[in-house]
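Take a look at the structure set out below.
Convention: sequence-line order gives letters A, B, ...; per-chain numbering from 1. Note: hydrogens, waters and symmetry copies are ignored here, and every other heavy atom, side chains too, is used.
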2 protein chains.
Amino acid sequence: MARSSTNLRYRILNQARQTLVSEGYRALSMRRLANSVGCTATSIYLYFQNKDALFHALIDEGIGLLHQKLVQAGQSAGQAKDRLQDLAEAFLDFGLKNPEYYEVMFLLHPEHMERYPAEKYRKARENLEFFAQALAEDAGRPQNPTKEDRLQANVVWASLHGAVSLLLAGRVDVRLDQKLFLNTLVKQFIQPTSP
Amino acid sequence: MARSSTNLRYRILNQARQTLVSEGYRALSMRRLANSVGCTATSIYLYFQNKDALFHALIDEGIGLLHQKLVQAGQSAGQAKDRLQDLAEAFLDFGLKNPEYYEVMFLLHPEHMERYPAEKYRKARENLEFFAQALAEDAGRPQNPTKEDRLQANVVWASLHGAVSLLLAGRVDVRLDQKLFLNTLVKQFIQPTSP
DNA sequence: AGAGAAACTTGACAGTGTTAACTTAACAGT
DNA sequence: ACTGTTAAGTTAACACTGTCAAGTTTCTCT
């Protein structure tokens with residue numbers, strides 16, 4: 001096979017992402033992936049320790065992408081409540097528009113895959129911190145999220161994750177209006193300004 | 001191999017459940033399962049159309065078990081708010097104490113498995129209806145959950161599911177007190193009686 | 001040009017879900 | 001007691017899977 005000029009690792013990762021998005025998790029085998037990228041299955045092992053490591057690389061990408069979207073959403077000036085709303089919407093939007101990314105990131109857990117290395121969770125924690133900050137500010141203690149804010153951030157996170165994962169799995173009653181469902185969910189943790 | 005006296009289907013299902021609980025999803029292959037039950041892999045196909053069908057049978061069990069727990073929790077007399085709390089706790093308890101059941105039921109979605117047949121969702125819908133009823137009653141319109149109640153029930157459901165699935169995946173910050181986390185989450189949708 | 005390192009392939013191992021074809025056991029009717 | 005039929009299991013195979021040790025090719029540097 002012709003020695004490829006460009007970085008093979010890069011091409012493998014690209015193809016993996018593409019296959020994952022277009023044909024789903026099941027279609028992603030080492031041999032098939034190798035085939036569509038133009039090398040042998042074992043070559044992949046030169047760049048990734050194993051199949052899980054490949055997925056981890058995709059998780060990296062996914063976390064980066066989500067991070068980016070949350071940074072954007074978090075930049076909106078104005079009330080903390082609005083920022084919180086924007087953050088929530090950004091998360092939901094990311095999840096629903098990138099189902100395959102979302103799947104590798106949050107739905108393929110340790111039972112099926114080697115644990116995603118803890119030291120790489122920094123960005124993931126940062127993502128959570130955005131929520132904590134908006135919550136802190138909203139509660140009138142800007143700049144320094146307390147333990148309580150972080151707790152609340154986790155709750156918000158869990159709710160959003162629950163909604164996305166149920167929707168992606170097709171487990172929410174189809175007769176339900178999806179937008180209404182998500183709005184109601186978001187309102188649940190965005191308390192109206194106390195009268 | 002000695003012809004077994006008792007129903008093989010029954011024994012397969014039993015062993016499958018046990019293996020799933022004790023060794024996890026990965027360890028459950030047709031050959032291994034057959035081995036530990038004392039038959040050949042192909043014999044399983046006499047009782048289950050394929051591996052997915054076997055999982056579906058386990059989902060059935062799981063839904064039944066959850067149903068049972070919710071019925072119990074829903075029977076508690078007293079205020080609707082308390083019943084709602086009990087229902088939520090029962091759900092969380094079920095999820096955290098039966099991780100493997102929970103996994104087959106909610107975490108192995110269509111991407112990895114043939115869709116769970118829609119007609120079997122009756123009991124699953126009933127489970128959701130419990131929440132809708134408690135919510136309706138709490139909102140002062142007993143006996144007949146409205147569209148809004150059902151919407152709210154889905155929101156509650158999503159939040160609970162999000163919490164359980166994050167916890168099971170080990171994705172909630174370990175420094176967080178789990179009980180506090182869950183309590184905070186539950187309080188989110190159980191509004192305090194308006195003053 | 002020749003040595004050494006880097007990039008990639010061959011061929012195999014042990015496992016997977018699944019199927020078609022075969023064998024064995026149990027039971028009914030003559 | 002001897003059939004014919006049906007049910008219950010098994011054998012052997014197919015086409016896959018992830019992964020690894022060993023071998024080959026290509027590039028780079030002296």
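Taking only side-chain atoms of A:K51, from C-beta outward, the nucleotide of C:dT16, C:dT18, D:dT19 with the closest atom is D:dT19. Nearest to the side chain of B:N50, among C:dT18, D:dA8, C:dT9, sits C:dT18.
The residue B:Y47 sits close only to the backbone: its heavy atoms come under 4.0 Å of sugar-phosphate atoms, none of a base. Among the protein residues, A:S43 comes within range of the nucleic acid bases, having at least one heavy atom under 4.0 Å from a base atom.
One interatomic measurement links the two molecules: CZ of A:R11 to C1' of C:dC8, which rounds to 12 Å at whole-angstrom precision. In this entry the distance linking CG of B:D52 with C1' of C:dT18 reads 12 Å, nearest Å. If you take CG of A:L28 and P of D:dC16, they are 16 Å apart, rounded to a whole angstrom.
Checked by distance alone, A:R31 brings a side-chain donor or acceptor within 3.5 Å of a matching partner on the base of D:dT19. B:T42 contributes a side-chain N or O that forms a donor-acceptor pair with the base of D:dT11 under 3.5 Å.
Where A:Q49 and A:R32 meet DNA chain D, the nucleotide closest to each residue was compared, and A:R32 sits on the side nearer the 5' end.
Remark: aromatic rings of B:H67 and B:F94 are distant, center separation not under 6.0 Å.
A donor-acceptor contact closer than 3.5 angstrom links the side chains of B:N14 and B:R17.
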